[in-house]
Q: 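Pasting in a structure now, in C-alpha cells, and then I'll have a few things to ask.
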Amino acid sequence: MASSRPVRQRLPSGNLSGSLPWLRVRGRYLTDEFDQPVFLRGVTVRWLERGEPIGSSFLPPVDDDDLAVMQSWGATVLAVPIAQDLALYGSGDAPGEAYLRALDATIAAAAQAGLYTLVQLSLLSATIPSDVDERGRERFDPPLPNEQSLTLWGSLARRYSGEPAVLFDLFRSPHDPGPADATREIVAHFGWTVWRRWLLAMLGEIRRNHPRAVTIARGLVRGRDVSGFPLAYDDGTNPANVVYAGELTVGDPEGVLNGLKRIGGARPVGIVGWRAGSQQVSAVQRLGSQFASEGWHWLAADWTESEAPLVDYQPTGLRPTALGRAFQNALARPNPGAHLDHALAQAGVGRNRLSRVEAASPAPRFGRDPFAAPGVPGNRWARFGADGPIPDGDRPKMEKALGLAYELAQRPAFAAVFARTVSKLSGKELGSDACLDALDKMVINLAETAHDKRIREQLTADAEAIKVDPLYQSPPAMSIPNGTGVWIRQWQLKRDETVIAGTLIHESAHLAGAPADVLAEFALEAIHNAGYPRR
C-alpha cells in the first residue's frame, strides 16, 4: 500500500554500542527509542571482578565463542561484575584505565552480538576479603558500598554517558555484615533507611553525569527483601529509569517473587542474580515460564564459574549442561501478554475496551513449543489474524510456506541481502535478524474478507485498475510499512508453498521499514533473487 512513515532517527550513540538503541523506563516497561518493549534476559560472567593483570593490561572476561552461544540462546544482556579497587586504581603494573579498557572491549564485543552490558558493582576489593565463612574460608562479599563507590559511579557514568549499550547495577548483594567483617564494628544491622540513602546517593552520582542511564536497584537481605521499593525523593517523586530487582535461589522464591509482584504492576522489575543447582532443572523451566508471562527481566547468576555451570568447554566447542539447557529454554520464552499490555497502553485502550479485531488477534495460532528457540519449527511467533481469517483449508499450506520463510530468513547469505536491501530503502541500519524480527511480528489475514478500511480501499482501487487495463497485476498481498498486518489475496493461496513463502518474505520487508512505492518494489527483487519468487 502507498502508505509511508518518516524514518525515526536514533539518538546519538558512542563508539562501543554498535546499533543497540537507547533504553528508557515507561511505566512497567523498559522500551527502546521506538517504544518497543525490551526484556533483559541473560547471564553473568564473573572473571573480571577478581581479574589479575597480565603485565600492564587485563583480559576481557568473555570471548567471542561465549558471546555467540549467548546470542544463539536468545540472551539480550550480559552482566559483568567489577571490583571497585581495580577500576579506580588497577593492580600491579596495570592501572585502573587498563581495567576499564578491558571493560570497554567487553561492552563493544557484547554489543556486536546484540547484547547490552550491565556493569555491576560487586566487590570493593579484589584482594582483601570482607569476611570468612563458617569453615574459615575467605569471602569476597561486601555488605555495603563505601564513599569511594560514589567516586566510581561518577567516573563510570561520565565514561559511558554516550553509550546506550551500558546499563548500571548499583550494588550486587546488600546484607548485614558477617562476624569477621570489619563493617560490623560500625553497623551490625541496617535496614531500609540506610539502604535507601545509599541507593539514592549512588543514583545521584550517575544521574549528574549520565541523565539517560538505566540503573538496577536491588533489595535488602541479598535481594530477598524488596519491601522498601519504589524509591522516592524527599519531594515524593520517583527516580526515572530504575528497574527494581531481587536475587533468587531456587527453593526459596516466594518472598522475593511476591514482593516483586506488588510493585511490578506499575514499574519494571526482575531477578538480577538467579542461582540454581544442577538438579533444579524443572524449577528453572517453571520459573522461566512464570517470568516470561509476567514480563520480568532476569539474569542467571553465573555462566561457567559456579559448581553448576551453564556450559562446558569441549574440544568441539561450548556445550550446554542440563541446567544450561533449562536456562536456554527460559531465554527463548516469549512475552505475549506483556507485549499486548504495552500495545494497549500505547493506544490508550484497556482490555475491556478491545475492538472485535484486537480481541481476536493476540493469541498465537501456530503450534509452539515454548522450549524451542525463537524462529525454529515449533516456536514461530507469527500468527493468524482475525481481520479476514485465513480459511481452515488453506492454513496447512500457509504453515508450510511460513516454515520455508523462517528457514530462508535464518540463512546468513539471505539475511545479509535482506538487511542490506531494506536498510538502503528505509534509511535505517538493520541487523542480520531483520527478516526474522519482521516475520515474528507478522499477523496474517485474508485480504478479500478484511474489515480494515485501507485494505478495502486498495481492493476497490485494484478492481477499477483492472477495468481500465486488463493487463494490470494486483499485488499478491498488502501490508503497511513498519506495521504488523499482512493481508494476502485469496488467489495467491492457491499457489505453490514456495511462492507463498516469497510473498511473506516480500511483505516482511515492508514490515521492516521498506516503503511501498514503485522504486522500492523494483529494489526488493534482490531479496527474491536470493530467495523465493512471489508470483
Side-chain angles (χ1 to χ4, degrees), residues 1 365-367 375-377 380-385 387-422 425 434-450 455 458-459 461-463 465-466 469-481 483-512 514-535:
M1 295 186 63
R365 297 297 297 275
F366 297 104
V376 304
R380 297 173 182 134
W381 296 11
R383 63 181 185 266
F384 291 133
D387 186 32
I390 300 295
D392 290 342
D394 293 316
R395 292 194 178 194
K397 180 186 283 189
M398 179 63 73
E399 291 189 6
K400 291 180 181 178
L402 190 65
L404 292 173
Y406 266 103
E407 180 184 2
L408 180 63
Q410 294 178 87
R411 297 178 188 172
F414 175 81
V417 171
F418 183 96
R420 183 169 61 249
T421 302
V422 180
L425 291 171
C435 187
L436 278 174
D437 291 342
L439 288 171
D440 278 347
K441 71 175 183 176
M442 185 179 288
V443 183
I444 305 169
N445 305 280
L446 185 67
E448 278 76 6
T449 56
I455 304 304
Q458 185 66 48
L459 291 175
D462 282 355
I466 291 175
D469 180 6
L471 298 180
Y472 171 78
Q473 290 188 327
S474 298
M478 308 169 197
S479 59
I480 311 298
T484 60
V486 168
W487 289 264
I488 193 167
R489 299 299 299 269
Q490 193 164 25
W491 43 263
Q492 186 71 356
L493 295 178
K494 309 306 177 185
R495 305 292 299 274
D496 184 79
E497 288 94 341
T498 57
V499 175
I500 299 174
T503 299
L504 297 176
I505 289 289
H506 185 97
E507 299 309 319
S508 72
H510 292 302
L511 301 189
D517 55 42
V518 175
L519 291 178
E521 293 299 305
F522 279 119
L524 288 176
E525 284 302 310
I527 68 174
H528 295 295
N529 293 337
Y532 299 120
R534 70 166 183 149
R535 293 185 184 275

Q: Looking only at non-hydrogen atoms, find the nearest pair between Pro481 and Ala516 and report the distance.
A: CG-N, 4.0 Å
Q: Under the rule for salt bridge (charged side-chain N to carboxylate O under 4.0 Å, His left out), what residues qualify as partners of Arg411, not counting sequence neighbours?
A: Glu407
Q: Rounded at 0.5 Å granularity, tell me how far CG in Leu402 sits from CD1 in Ile505.
A: 9.0 Å
Q: Take Leu524 and Leu425 through the test side-chain contact (heavy atoms from CB on, under 4.5 Å) and record every step on the way to the result.
A: CA-CA 9 Å; Leu524 288 176; Leu425 291 171; 3.6 Å; yes
Q: Got a second to check how far Asp387's CG is from Ile444's CD1, nearest 0.5 Å?
A: 13.5 Å
Q: Would you say Arg395 and Pro389 make side-chain contact, with heavy atoms under 4.5 Å?
A: yes
Q: Taking all non-hydrogen atoms of both residues into account, name the closest pair between Pro515 and Ala520 and its distance.
A: O-CB, 3.3 Å
Q: Are any side-chain N or O atoms of Arg489 and backbone N or O atoms of Ala447, one a donor and one an acceptor, separated by less than 3.5 Å?
A: no
Q: Show the numbers, then the answer: is there a side-chain contact (heavy atoms from CB on, under 4.5 Å) between Tyr406 and Asp440?
A: CA-CA 9 Å; Tyr406 266 103; Asp440 278 347; 2.5 Å; yes
Q: Under 4.0 Å between a side-chain nitrogen and a carboxylate oxygen: does that hold for Lys397 and Asp496?
A: no
Q: Counting only N and O atoms by type, is there a donor-acceptor contact under 3.5 Å from the side chain of Lys400 to the main-chain atoms of Thr498?
A: no
Q: Within the side chain of Gln490, is there an N or O that forms a donor-acceptor pair under 3.5 Å with the backbone of Glu448?
A: no
Q: What are the two closest non-hydrogen atoms of Pro476 and Arg534, and how far apart are they?
A: CD-NH1, 3.6 Å
Q: Considering non-hydrogen atoms only, spot the tightest contact between Phe414 and Ala409 and give its length.
A: CD2-CA, 4.1 Å
Q: With rounding to the nearest 0.5 Å, note down the distance linking CD in Gln492 to CG in Asp394.
A: 11.5 Å
Q: Could you tell me whether the side chain of Leu504 reaches within less than 4.5 Å of the side chain of Tyr532, counting heavy atoms only?
A: no
Q: Using a 4.5 Å cut-off on heavy atoms from C-beta on, say whether the side chain of Leu459 contacts that of Ser474.
A: no
Q: Show your reasoning for whether side-chain contact (heavy atoms from CB on, under 4.5 Å) applies to Leu493 and Leu446.
A: CA-CA 9 Å; Leu493 295 178; Leu446 185 67; 3.8 Å; yes
Q: Does Glu507 reach the main-chain N or O of Ile488 with its side chain, forming a donor-acceptor pair under 3.5 Å?
A: no
Q: Quick one: pull up CD1 in Ile455 and OG1 in Thr449 and give me the separation to the nearest 0.5 Å.
A: 11.5 Å
Q: At their closest point, which heavy atom of Leu404 faces which heavy atom of Ala501, and how far apart are they?
A: CB-CB, 3.9 Å
Q: Looking at every non-hydrogen atom in both residues, tell me the closest pair between Ala509 and Phe418 and how far apart they are.
A: CA-CZ, 3.5 Å
Q: So, does Asn445 use its side chain to make a donor-acceptor pair with the main chain of Val443 at under 3.5 Å?
A: yes
Q: Step by step, would you call Phe384 with Met398 a side-chain contact (heavy atoms from CB on, under 4.5 Å)?
A: CA-CA 10 Å; Phe384 291 133; Met398 179 63 73; 3.5 Å; yes
Q: If you measure from CZ on Arg383 to OG1 on Thr484, what distance do you get to the nearest 0.5 Å?
A: 6.5 Å
Q: Give, for atom CG of Asp517 and atom CZ of Phe522, the distance between the pair rounded to the nearest 0.5 Å.
A: 11.0 Å
Q: Taking ring-ring contact (aromatic ring centres under 6.0 Å, His included) as the test, write out the residues that go with His506, two or more places apart.
A: His510, His528
